Participant: 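Would you mind keeping the following structure in view while I ask a few things?
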Amino acid sequence: MPDRLSAATLGGLPAEVERPSYDLGRVDIGVVHLGIGAFHRAHQAAVFDAALRSGDPRWGIIGVSLRSASVRDQMVPQDGLYTLLERSDAGQQARIIGAVRDVLVAPEGPDRVVAALTLPTVHIVTLTVTEKGYHLDPATGRLREGDAEIVADLADLSAPRSVPGFLVAGLAARRAAGLPPFTIISCDNIPHNGPRLRAAVLAVAQAHDPALAEWIAEEGAFPQTMVDRIVPATTDDDIAALAHDIGVEDRAMVKTEPFLQWVIEDRFCGPRPDFAAFGVQLTTEVAPWEEAKLRLLNGAHSGIAYLGGLAGVERVDQFVALPEGRAFVEALWDESATTLSPPPGLDIATYRDRLMARFANSTLAHRTRQIAMDGSQKLPQRLVAPILARRAKGEPVDALVLAVAAWMRWQAGVDDAGEPFTVDDPLAGDTAAAMAGARDANERVAALLSIGAIFPAAFGQDAALVALLGRALEALEEGGALATLRSHPE
Ligand code: CS2
């Protein structure tokens, strides 16, 4: 067994591995990150690490896991160090990130999380808690006040349980201590992420102390952002291969593509790193960037996840290597692209070409099953919104509808080979219950469209759209995903 990566083993790494150029012991904590999964480690942490490398020591991170202790158990024995492995068909580059200085597990000590949020040096809180971590209704973006964690945090904030609860408790403690609020940057793929999180935080604050809510509304900042980097889950084989390459075992490694994009609305209430110097785009208008990314990248991803998943295609690169898979993605983009108002600086044709090349990166092994997770939270912004936009103009929606039908088929929990699987989704119980009495594809479509948390009423009232969905679901049920893709009109 090789040694673990740590401050002690850093010196023995091969020369081609980049390592922190700054003194780990002299880093201040400027950031608290909620939801320290692989995405954060490959994205925002890499940017704060670049700030530290540039000689600005203010941007060390305390990471918080909201549920499990596994990331803490991977990282703390490694002194918070981990490898960011960028992979492409041209080769790979390993870089050791030192920005994460500590990891807390919220359920083990909510008070320690609040204490971290109250550090005077903390100026920014970033979040990657996945769509469901916000407790928002996916169709409307409103706070789900009936969710157990929200009910608890609306009643008592002495040991917060939800994301808005932690943020409000931290902000309340800062206000009591005479400290300014921090800037809160939601880095999840939800539309209008900043304003939606702001509304949720204000609702929880209002329930406890209207003056606190007013202070947050006036003094706080919730910039909207678009984040982009493909980060497949790390496997044991990845860890073993890296250990072979660099001579130490790194249980916290993350693998990703060379591409990274972060667009942040220029709305901060305190200090920030020189983001622009590290490739981050600051702008007054994030919405058009966000919409393009959600509908093109993420929309295609979800279509690939369900159609590929049903067909037994394990990876995204394998799906786009199939002529019918690639044609489907292009058809979906043809449809979604007309619903966008691209920001200056975004050429859709170039963006699509680059995206296809990113999907085709065979060194990432990005699993369709990973993307299929939590579809109920993803569908509205990725597929439902562009369908509604095109229907309003009377434009065809065949490819987008096929993607939604594949999600519907997925809800049955059986793939085209008859293999059962677990539908990993917070609303899996609702979709199963809705479909229980339905006897055919059309009834299943009607039952699923009645779930208001996912589909706005306008969707189910569009008879032509409902009929199209029924035909697509029937085709998938009868012929399977690959045959349906092959007979699909482009
Ligand atoms: C993916 C995203 O799992 C998913 O839902 O679509 O994680 C995607 O890889 C990222 O948003 C890319 O920036």
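Since the structure is predicted, the reported quantities are computational estimates derived from the model, not experimental observations.
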Participant: Does any part of the side chain of Thr126, heavy atoms only, come nearer than 4.5 Å to the side chain of Val31, both counted from C-beta?
Facilitator: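 A side-chain contact exists here, since the closest heavy-atom pair is under 4.5 Å.
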Participant: Should Asp238 and Arg87 count as an ion pair when the cut-off is N to O under 4.0 Å?
Facilitator: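 Salt bridge: yes.
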Participant: What I want to check is whether the side chains of Arg72 and Ser65 have a donor and an acceptor closer together than 3.5 Å.
Facilitator: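 No.
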Participant: Drop me the distance from Arg229's CZ to Cys187's SG, to the nearest 0.5 angstrom.
Facilitator: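 Arg229 CZ to Cys187 SG: 14.0 Å, rounded to 0.5 Å.
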Participant: Are Glu335 and Pro386 side-chain neighbours, meaning at least one heavy-atom pair lies under 4.5 Å?
Facilitator: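 Counting from C-beta outward, Glu335 and Pro386 never come under 4.5 Å.
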Participant: One thing to verify: whether Arg58 and Asp28 come together as a salt bridge, which I'm taking to mean a side-chain N less than 4.0 angstrom from a carboxylate O.
Facilitator: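 A salt bridge is absent here (no side-chain N lies under 4.0 Å from a carboxylate O).
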Participant: State whether Asp49 and Arg53 are salt-bridged, where the test is any N-O pair (Lys NZ or Arg NE/NH1/NH2 against Asp/Glu carboxylate O) under 4.0 Å.
Facilitator: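 A salt bridge is present here (some side-chain N lies under 4.0 Å from a carboxylate O).
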Participant: Are Asp415 and Trp410 side-chain neighbours, meaning at least one heavy-atom pair lies under 4.5 Å?
Facilitator: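 Of all side-chain heavy-atom pairs linking Trp410 with Asp415, none is under 4.5 Å.
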Participant: Between Lys378 and Glu131, is there a side-chain heavy-atom distance shorter than 4.5 Å?
Facilitator: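 Yes, their side chains come closer than 4.5 Å.
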Participant: Does the distance from a Lys or Arg side-chain N to an Asp or Glu carboxylate O, for Arg251 and Glu249, drop under 4.0 Å?
Facilitator: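 Answer for the salt bridge query: yes.
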Participant: Are any of the side-chain heavy atoms of Val201 and Arg198 separated by less than 4.5 Å?
Facilitator: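 No - every pair of side-chain heavy atoms lies 4.5 Å or more apart.
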Participant: Under 4.0 Å between a side-chain nitrogen and a carboxylate oxygen: does that hold for Arg358 and Asp353?
Facilitator: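 Salt bridge absent between Arg358 and Asp353.
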Participant: Can you check whether Trp262 and Phe275 have ring centres sitting under 6.0 Å from each other?
Facilitator: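 Close enough - the centres of the two rings lie under 6.0 Å apart.
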Participant: Quick test of your reading of the model: are Lys255 and Glu86 salt-bridged, counting only N-O distances below 4.0 Å?
Facilitator: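 No, Lys255 and Glu86 are not salt-bridged.
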Participant: Under the 3.5 angstrom rule, does the side chain of His40 hit a backbone N or O of Ala42 as a donor-acceptor pair?
Facilitator: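 Pair absent, no side-chain N/O of His40 close to backbone of Ala42.
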Participant: Report the C-alpha separation of Asp250 and Thr83 in whole Å, then their side-chain angles, then the decisive distance to 0.1 Å, and conclude whether the side chain to side chain donor-acceptor pair (under 3.5 Å) test is met.
Facilitator: CA-CA 7 Å; Asp250 176 1; Thr83 313; 2.6 Å; yes
Participant: Do the ring planes of Phe39 and His43 sit parallel (below 30°), tilted (30 to 60°) or perpendicular (above 60°)?
Facilitator: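 Ring orientation, 0 to 90° scale: parallel.
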Participant: Testing the basics here: between Gln74 and Arg41, what is the closest heavy-atom pair and its distance to 0.1 Å?
Facilitator: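 Reported closest heavy-atom pair: OE1-NH1, 4.2 Å.
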